[in-house]
2 protein chains.
Amino acid sequence: MKTQLKKGTLEMCVLALLARADSYAYELVSRLADCMEISEGTVYPLMRRLQAEGWVTTYLVESASGPSRKYYALTATGRQSLAEMQVEWREFVAEVNSVLAPQAASEAAQAKRNNPQGEVE
Amino acid sequence: MKTQLKKGTLEMCVLALLARADSYAYELVSRLADCMEISEGTVYPLMRRLQAEGWVTTYLVESASGPSRKYYALTATGRQSLAEMQVEWREFVAEVNSVLAPQAASEAAQAKRNNPQGEVE
DNA sequence: GACACTACTTTGCATTGCAAGGTACATGGC
DNA sequence: GCCATGTACCTTGCAATGCAAAGTAGTGTC
């Protein structure tokens, strides 16, 4: 079931990590493992998709001990898309929560208004 | 993109609606439309899946004006599964939020502790 | 009967996770 | 040198589950 929940969120999570620091794909897998998991079989096609969208660029860095690393950096377009995804995510979470418990959802909406990062709907 | 976000959540949302009142599939579509959308092509196979899992039972009710309606009712097993799904959903949301903004996520975790419905992790 | 609405159903497709398999490079042990 | 291990990259087949589109059936209205 978790796998299905993840669909649609991993791109955004990867972009969010890259917004904080450039990474190579293998490193992203371990950085993400702290909070959630993404498999290697997923991350490479995913990075390719992000690149095709123009959301990331790549550069190679020689490694002192091992193969060279292909780093990914967020583009301005990618940063913009990440912001839009985050808005969509928040709206989506609110929608689901309003289905699960309409009363609790309105409390969550209040908490969101008090969140400095949040945007008033 | 929204479509992918929805994957994994619709079963839970449908169970949540049924927890509040029995419904027939077509009605579920319109009840859900208030907060989020589910297409007809989705809801019927989904109801079949829920039934196969033993989470819902069905009964037929003659309609005064139109074809008879196939109502779905939540079973005790379904109610249990719904509760488990909700726990998983909350954990998942927290995970994603912690990736998006590690600091804001810890604030959300505090808000969750103050939520009477919440469960302390 | 034709049309619109309600209610149900199926099917093909697109998308995107995962697991498994593989390649290449560097290092260390035998 | 050969093998094992770890790092880093990559591909492929599959499963699952949304959606759109097509269809059927019952009822009411014109």
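As rounded to whole Å, 15 Å separates atom C1' of dT7(D) from atom CG of L60(A). Rounded to whole angstrom, the span from the CG atom of L10(B) across to the P atom of dA16(D) amounts to 17 Å. As a whole-Å value, the separation of E27(A) CD from dC10(D) C1' is 18 Å. Whole-Å rounding puts the K6(B) NZ to dT15(C) P distance at 16 Å. Atom NZ of K2(B) and atom C1' of dA14(C) are 19 Å apart (whole Å). Residue L5(B) contributes atom CG, which lies 12 Å from atom C1' of dG18(D) at whole-angstrom precision. Rounding to whole angstrom units, CD of residue E62(B) and P of dA25(D) are separated by 17 Å. Across the protein-nucleic acid pair, K7(A) atom NZ and dT15(C) atom P stand 12 Å apart, rounded to whole Å.
Among residues at least two apart or in separate chains, salt bridge (Lys or Arg N to Asp or Glu O under 4.0 Å) pairs with a member in residues 41-52 of chain B are E11(B)-R49(B).
For the pair E27(B) and K70(B), the salt-bridge criterion is not met [side-chain N within less than 4.0 Å of a carboxylate O].
Atom OG of S68(A) is separated from atom OH of Y59(A) by 13.0 Å, given to the nearest 0.5 angstrom.
Taking every heavy atom of residues 39-47 of chain A and every atom of DNA chain D, pairs under 4.0 Å involve E40(A), G41(A), Y44(A), P45(A), by number.
When the nearest nucleotides of DNA chain C are assigned to S63(B) and P67(A) by heavy-atom distance, the more 5′-ward of the two goes with S63(B).
Taking only side-chain atoms of Q4(B), from C-beta outward, the nucleotide of dT16(C), dT6(C), dT9(C) with the closest atom is dT16(C).
OP1 and OP2 of dC8(C) both lie 4.0 Å or more from every side-chain N or O belonging to R48(B).
Between L50(B) and L46(B) there is a side-chain heavy-atom pair separated by less than 4.5 Å. Side chains of M12(B) and L82(B) form a contact here, defined as non-hydrogen atoms less than 4.5 Å apart.
The two residues Y24(A) and Y72(A) come nearest to each other via the heavy atoms CA-CD1, 4.3 Å. Closest approach of V96(B) and C13(A) over heavy atoms only: CG1-SG, 4.2 Å.
Contact annotation for E37(B): backbone-only contact, meaning every heavy-atom pair under 4.0 Å involves sugar-phosphate atoms and none involves a base.
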